[in-house]
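As structure tokens, the structure follows; a few thoughts come after it.
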Amino acid sequence: MNLTITNLALLAIITMMMGQLHASSEMDMTSQNHLKFNSIKTVQVFEITEDALNQSQKVLVDETEYTQDDEYLNYYFPNKYGRLEPNEGGTGRVISTARDIVALGEDIYKLVIKGKPTNTTTYVPISVIPKQGGNPVDIFETENWLAPKKRTFSIVYTNYFSIDVVKFTYSVLYSYGGTYGGKGAYITGAQIVPQSVSTLFGFDFTATMKVGGIQNNGTRDNPIAGATLLLEHNISSVIKTMTSVDSFFITGKGGFKKF
């Protein structure tokens, strides 16, 4: 079959257009893969315990799953507690007070900065103790403290390719049961300590501890200290940022609850 010059020109145009469509399709696929890789699909929180044989066990305690239509894909998604703004705290100062109890320590400090644990030994743990005459009592005048409690958790961020892009393990520690004048149940040494963190290349991860507040769960004559610790964790990639907050409520009777 003989092709005229017009037919040849038309064939060339069609071939070029098909090539452009193919290239556009490949570009769209690359963009979609880039979006899926840098987007978080699930955030899981596990509690890590040890059995009688000292074997570690992981129990899923919280899971949030997102779709690509969720609002957080537009760069930011705070949970019900909202985002916590970084603020450098002091050391050993009054950070919260109620009628009969007061919290001492440091109300906010970084646990992880850009994927690396910080040295938290420079921070003063939280103590919730009684006050007399408007001032905190001397911690050395309290007594009957019980052995510290420790609860360990792991946060796992997974993208749309089912790749774990961030794993962060930390522990919540506190001593409880302290009395003053034979009464009350108070808290000391409360803190969140980073254990380990692994971050896939291309993702930044930060975590911050903050005191959410204190309260008296008992009576004026026999106070039972309660404190809320907040853990803000933030993950960001080249196109997205996501911030969540987990909260832990502890009491002078040894009570513990994660929200």
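Because the structure is a prediction, the values reported are computed rather than measured.
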> Do W145 and L104 belong together in a cluster built from hydrophobic side chains that touch within less than 4.5 Å?
Replying inline: yes
>> With a 4.5 Å cut-off on side-chain heavy atoms, are H233 and T243 touching?
In response: no
> With sequence neighbours excluded, what pairs up with S236 under the side chain to side chain donor-acceptor pair (under 3.5 Å) test?
Replying inline: none
> Residues two or more places apart in sequence or in another chain: which of them pass side-chain contact (heavy atoms from CB on, under 4.5 Å) with N144?
Replying inline: T179
> So, does K149 use its side chain to make a donor-acceptor pair with the main chain of G254 at under 3.5 Å?
Replying inline: yes
> Going by distance alone, is a donor N or O of one side chain under 3.5 Å from an acceptor N or O of the other, for N217 and Q215?
Replying inline: yes
> Hey, are the side chains of V245 and L231 touching, using non-hydrogen atoms and a 4.5 Å cut-off?
Replying inline: no
> S39 side chain to K36 main-chain N or O, any donor-acceptor pair under 3.5 Å?
Replying inline: no
> Is the shortest heavy-atom distance from the side chain of I101 to the side chain of Y186 under 4.5 Å?
Replying inline: yes
> In chain order, what residues pass the side-chain contact (heavy atoms from CB on, under 4.5 Å) check against E63, with sequence neighbours excluded?
Replying inline: T42, Q44, L60
>> Less than 6.0 angstrom separating the ring centers of Y176 and F256, yes or no?
In response: no
>> Do F161 and N33 have side chains that approach each other closer than 4.5 Å (heavy atoms only, starting at C-beta)?
In response: yes
>> Looking at every non-hydrogen atom in both residues, tell me the closest pair between N222 and T219 and how far apart they are.
In response: N-OG1, 3.0 Å
>> Between V211 and I126, is there a side-chain heavy-atom distance shorter than 4.5 Å?
In response: yes
> Do we see a donor-acceptor contact under 3.5 Å between the side chains of Q195 and S171?
Replying inline: yes
>> Going by the rule side chain to side chain donor-acceptor pair (under 3.5 Å), which residues pair with N38 if we only count those two or more places apart in sequence or in a different chain?
In response: H34
>> According to side chain to side chain donor-acceptor pair (under 3.5 Å), who are the partners of E47, at least two apart in sequence or on a separate chain?
In response: R151
> Any chance the rings of F205 and F168 have centres within less than 6.0 Å?
Replying inline: yes
> What residue pairs, at least two apart or across chains, pass salt bridge (charged side-chain N to carboxylate O under 4.0 Å, His left out) with a residue in residues 161-178?
Replying inline: D164-K167
>> Could you check whether any side-chain heavy atom of I129 comes within less than 4.5 Å of a side-chain heavy atom of T188, counting everything from C-beta outward?
In response: no
> If every non-hydrogen atom of D221 is compared with every non-hydrogen atom of K183, which pair is closest and at what distance?
Replying inline: O-CD, 3.2 Å
> Between Y170 and M209, is any pair of side-chain heavy atoms under 4.5 Å apart?
Replying inline: no
> Mind checking whether I163 and F37 have side chains closer than 4.5 Å, heavy atoms only?
Replying inline: yes
> Does F46 have K58 sitting over its ring (NZ/CZ under 6.0 Å from centre, angle to axis within 45°)?
Replying inline: yes
